[in-house]
Amino acid sequence: MFEEVSPQFTFAEKEKQTLTFWRENNIFQKSMDMHKDAPPFVFLEGPPFANAPPGVHHVLARIMKDAVCRYKTMTGHYVHRKAGWDTHGLPVEYQVEKQLNITNKAELEAYGVQNFIEKCKENVFQYEQDWREMTERIGFWVNLDEAYITLSNDYIESVWWVLRQAWDKKLLYQGHKVQPYCYRCGTTLASHEVALGYQEVADPSIFVRFPLKNKENTYLLVWTTTPWTLPSNLAVAVGEDYDYVAVEDNGQKLILAKECISSLFDDAPPEIIESYKGTDLRKWEYEPLFDSGQHDEKSHYIVTADFVTTTEGSGLVHIAPAFGQDDYDIGQKHNLPFVQLVGDDGKFVPDVKDVWAGEYVKDADPMIIENLDERGLLFKATEYTHQYPFCWRCDNPLLYYARESWFIRTTAIRDQMQQHNQEINWYPEHIKDGRFGNWLENNIDWGLSRERYWGTPLPVWICDDCGHQHCVGSIAELKEIGKDVPDDIELHRPYVDDVILTCEKCSGTMHRVQDVIDCWFDSGCAHTAQWHYPFENKELFERSYPVDFISEAIDQTRGWFYSLLATGTLLYDKPAYKNCLCLELILASDGSKMSKSRGNTVDPWTILNEQGADAVRWYLFTASPPWTQLTFQIEGVDEALKKFMGTLQNVYSFFVMYANLEQVDVLEDAPPVAERAILDTWILSRLHTLINKVRDDMENYHLTNAPRAIESFVDDLSNWYVRRSRDRFWGAEAGQDKQAAYATLYEVLVTVAKLAAMFIPFLSDELYRNLVGSLAPDAPLSVHLAEYPVADSELIDSVLERDMAFTREVISMGHAARNRSGIKTRQPLAEITLGGLSDEEKETVNRMASFVHDELNIKEIVFTEKLDTFAQVSLKPNFKVLGPKYGKGVQAIAKALATADTMQLKAELEANGSLQIEALGETYTLETSEIDMQTQNREGFFVEVDARKFVALSTELTHELVLEGMARELVNKIQNMRKDADFNVSDRIKLSVNTSSELVMEAFDTHRDYILAETLTTEVVESLGEKAFSLDQKLNGEPATLSVEQV
RNA sequence: GGGCUUAUAGCUCAGAAGGUUAGAGCGCGCGCCUGAUAAGCGCGAGGUCCCUGGUUCGAUUCCAGGUAAGCCCA
């Protein structure tokens, strides 16, 4: 006996019971342990931040990971699932600053770095409990208790080791990086913060004459909107392919882009004296406008650059490498000196001898403009309105500013990274050579350092005396060479800042650089640091690198996908991962981005509590491929629940209900498949085809096609197999066919539970445990400990599947014809006529005739060749065949066929196997295979026509048919009364029929046995007492009073 | 401004190595069935396959250029 399936339940409630079962029986752990010695499939969890509650997009990522890991487990792999947490970085610092009402570094230092760091540690795990609960509730199996945490000493030590490897390979260096910097807060800003603070402002827009060397009275006309950067000018950039001219202006020669003339000389166009290409100007030298100091490197000459435009300005761009990324890159490329005349405080340094020394740069703008004007170098000064970033905290304008930074020289390993990228399987594939490939191609060195507090400290110490630098690679080394290092040193600021080393060169005192590192470097070391390699777990690490599978959202191309690959390449010269499933964003139901500020986010808990985890999982798996954007619709979750899970649940409860009621032993006496009914062999064939399909999709990480195929199978199972087999389960006598039906449905349900286990782990397990656990106590406890199904090719009969599909198509057309005729299905009809079928198709219909009879309630199937009596016939060329053969002629043939006498051509074709037709003065001979015969609807609503066949209904009713229809009407009415009266399905009844209609009486007498059997009537009586359930009915228009009562 | 992606029915999505009647589910309308009831089934009405050019006998599909949306970068 199976456990009864109660009709009163919610999936969400049942899922909670399943969670308890898993927990109490350690199913997750067992599913890993049982494969301890199996080939490993290595999964690496991208560590989330737990300082905000999880959202639906996290649910998406987690179930994708889960499905792959579960699948791999069930197909016999050892899948270790270690969780991880990302913990360092600016977002945490800002949250803490906000809490403490700290607005700049000075306030923070005053509060105390140590206190601050302790607050950060608390903040990081603020929502850990939420994450744990969500993770468990959605059925994401990952081991949270052995999670790697990027703030742990072990993790940091491994990251230090990685940095040391880079150092030893000369890939870690100090340089400059242009960053948006707030002089008031004393900090650089991350890009997303910059995006917060754009405002429209008016800045000066000036055109300056730069006197050329060796060309008398000739000036470059240079544009800038930041006069304060002019003292740091070191070059002028032009566009390589632009046209430049020298024009005559008040006795001077000015050089500018030809296209800019009109915007700069509105009144009278000046005379053009000479013309050049951008490349011609290259290396021309000019006199510095201001004293920028003495340098070894050459400076103040023209270079070419691709960012120069002529839509604004003059086509000549002033370059100050200290203030702008483009400028900085130019400086690097041309080996310009580095001139930084502005200090951390946003003011000109005292070295500047001009009047603006010590002035805040923006305040110095007018002074500089005035100075240029006095010297006759100012051509034009106006204002320029544009978007400029301001500090989102203090509202001061940001300065783009080259700051001392530490870099990883990723450009040195770019070729290897590109090569490794080619070895990675990307899903979807276009990421490889698209977004990710492009990113690698344009790779620049990784700006690693952050002038902040909460992060992995950069383990570089510098000698105060001689400037010697040393990178520490382990705690042991730190203790060995550091002075008085506490035994339990914590590798965070401010604790490591206190460690002092002795310089090996000059015995001087070495202090650590103040920076921490980019937290993307932390998570990028996960493949190594999660094991505390190389200090521990050597073997484990070696077995786990590269990892088989990672999956995160697409924004990680520049984030984790990149950082893993970069560190992996740097350390081991191997790709860090083999398969990467790249997820897209989830949009809100209105198609816009989900964000807290818009208030259109979806709280996963609402859904988990109402519809449950399986429903939301199924929705996310099937709605669209995870790499396309999904517009999240709650209705979609409902649909998944009703459409798919409801259907599966119904089939399951149908099976359990009747198996228990009929006391069938499904495992005993199961007949060999070959001896089962055609429906059984058909559904088993479909099942095994499905197994192949699902496995194939899963091997290719297509997590959408697989469940979609399962859904379509379950639909067939319910709406064809069970529907057509219903009476085999409860009407038939015990015997081989009944056994076959039960055995088949049992096998199918158990297999579907296994097939779908990685998508709907809860419902699958419930089905499995009841169906298998009840009968086979030795079987695995849970579906998640079972082996994944393997297709038996012996059971696959593709011809049968095709034939069944064809039969259902014919039946569907029959339904349509019945609909048109308006005669309800309960009324039997004498015959249907089928036309346009090939001999093979006729044979198929004959073989499947019983389905057609039962579904359409007709007595006979007739075939006809006379298409034209029922449908309009037209002939068209088979374009696919004739197109390549005749080219242009094919259109003429089509025209000729359309205008010719169709019936005559058809006769010719049938007689000769070919026909002749004239088109464009040529005669073409066309074989049967080169012609498409198409049918269209002719008058009359009882015929259903598709492209090449039709189904016609005979609507004439004989007296016998009317009686039979009335008998079925009686059965229908009585069944409804049974239901209305709340009888059990197996209750036997007494029945009385009182009617003045002779037709009803005759039908009742004629079909008495049938009616009694269908309605479980054991006794027909004249009348029933008051207890009986009684109703006046109209039966096909005839009056009758029916009464029923339980025996 | 650059790169990548997407655009098919009211909504969510399939699809076609280019072939002349483009599919499904939901929703809507009509009907059926009910010994599966959080029911179920059938049928129907819904489409310039984003736009403009090009290649081709033939383009919604391939190419180019737009437009719109999203992400990333500047």
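Just so it is clear, the structure is predicted and the values come from calculations on it, not from any experiment. All values below were derived from every heavy atom in this structure, side-chain atoms included, with hydrogens, water molecules and symmetry-related copies excluded. Quick note on labels: first sequence line is chain A, next is B, and so on, each numbered from 1.
- For the pair A:T1015 and A:L970, the minimum side-chain heavy-atom distance is 4.5 Å or more.
- A:F9 comes within 4.0 angstrom of a nucleotide base, judged by non-hydrogen atoms across all strands.
- Spacing of C1' atoms, B:C50 relative to B:U6, comes out at 11 Å, to the nearest Å.
- As judged by a 4.0 angstrom heavy-atom cut-off over every strand, A:T628 is placed among residues making no nucleic acid contact.
- A:Q611 and A:D638 form a side-chain donor-acceptor contact under 3.5 Å, judged by distance and modelled atom types alone.
- Ionic pairing of A:E964 and A:R968 is not present here: no N-O contact between side-chain nitrogen and carboxylate oxygen is shorter than 4.0 angstrom.
- For A:E662, counting side-chain heavy atoms from C-beta on, the closest listed nucleotide (B:C71, B:G35, B:C26) is B:G35.
- Using a 4.0 Å heavy-atom distance criterion, A:N878 is classed as making no nucleic acid contact.
- Nucleic acid contact class of A:D715 (heavy atoms, under 4.0 Å, all strands): sugar-phosphate only.
- Panel note: side chain A:T899, backbone A:A896; a donor-acceptor pair is recorded below 3.5 Å.
- Minimum interatomic distance between A:A402 and A:P321 (heavy atoms only, all atoms of both residues): CB-O, 4.4 Å.
- Side-chain atoms of A:R723 stay outside donor-acceptor range of the base of B:A36, with no qualifying N/O pair under 3.5 Å.
- Look at the P atom in both B:C72 and B:A17: the space between them is 35 Å, to the nearest Å.
- Contact annotation for A:V881: no contact, since no heavy-atom pair falls under 4.0 Å across all strands.
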Determine, for nucleotides 56-64 of chain B in 5'-to-3' order, which nucleotides have protein heavy atoms under 4.0 Å from the base (write B), from only the sugar-phosphate (write S), or from neither (write -).
-BS------
Secondary structure of RNA chain B per the Watson-Crick/G-U criterion (both distances under 3.5 Å; [ ] crossing, | other strand, . unpaired) is (((((((..((((.....[...)))).(((((.......))))).....(((((..]....)))))))))))).
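- Using a 4.5 Å cut-off on side-chain heavy atoms (C-beta onward), A:D715 and A:W720 make no contact.
- Closest approach to the A:S718 side chain among B:C72, B:A36, B:U5 is made by B:A36 (side chain taken as heavy atoms from C-beta onward).
- A ring-centre distance under 6.0 Å is found for A:F654 and A:F729.
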Please produce a list of atom pairs where a protein N or O lies less than 3.5 Å from an N or O of nucleotides 1-3 of chain B.
from	atom 1	to	atom 2	distance (Å)
B:G3	O2'	A:N438	ND2	2.3
B:G3	N2	A:R435	NH2	3.1

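- Aromatic rings from A:F9 and A:F11 are positioned such that their centres are separated by under 6.0 Å.
- Within the 3.5 Å criterion, the main-chain N or O of A:I893 finds no donor-acceptor partner in the side chain of A:Y886.
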Which atom pairs link the protein and nucleotides 7-12 of chain B when you take only N or O atoms and keep those under 3.5 Å?
from	atom 1	to	atom 2	distance (Å)
B:C11	O2'	A:Q633	NE2	3.4

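- Side-chain contact of A:E3 with A:N770: a donor-acceptor pair under 3.5 Å is absent, judged by distance alone.
- B:G31 atom P lies 10 Å from atom CG of A:N819, rounded to whole Å.
- No hydrogens or angles were tested; on distance alone, nothing pairs the side chain of A:T647 with the base of B:A39 as donor and acceptor under 3.5 Å.
- Nucleotide B:G46 carries a syn base; the chi torsion (O4'-C1'-N9-C4 or O4'-C1'-N1-C2) is within 90° of 0.
- Listed by chain and number, the residues in a side chain to side chain contact (heavy atoms under 4.5 Å, CB included) with A:N878 are A:K880, A:V881, A:D932 (sequence neighbours excluded).
- Among the protein residues, A:F11 comes within range of the nucleic acid bases, having at least one heavy atom under 4.0 Å from a base atom.
- OP1 and OP2 of B:A38 both lie 4.0 Å or more from every side-chain N or O belonging to A:K643.
- One P atom belongs to B:G23, the other to B:C43, and the distance between them is 14 Å to the nearest Å.
- Looking at heavy-atom distances under 4.0 Å, A:E711 makes no contact with the nucleic acid at all.
- For A:D614 (side chain) and A:L763 (main-chain N/O), a donor-acceptor pair under 3.5 Å exists by modelled atom type.
- B:G27 sits 8 Å from B:C11 when the C1' atoms are compared, rounded to a whole Å.
- Within the 4.0 angstrom heavy-atom criterion, no nucleotide atom of any strand lies near A:T622.
- A search for salt bridge (Lys or Arg N to Asp or Glu O under 4.0 Å) contacts involving A:R808 returns A:D716, not counting sequence neighbours.
- For A:F561 and A:W426, the gap between ring centers is short of 6.0 Å.
- Ion pairing between A:R818 and A:E855 fails under the 4.0 Å rule for side-chain N and carboxylate O.
- If you check every strand for non-hydrogen atoms under 4.0 Å, A:R708 touches sugar and phosphate atoms only.
- Classification of A:D854 and A:R724 as a salt-bridged pair holds, one side-chain N sitting under 4.0 Å from a carboxylate O.
- No contact: A:Y886 has no heavy atom under 4.0 Å from any strand.
- Contact annotation: A:K824 side-chain N/O to B:G31 OP1/OP2 distance is not under 4.0 Å.
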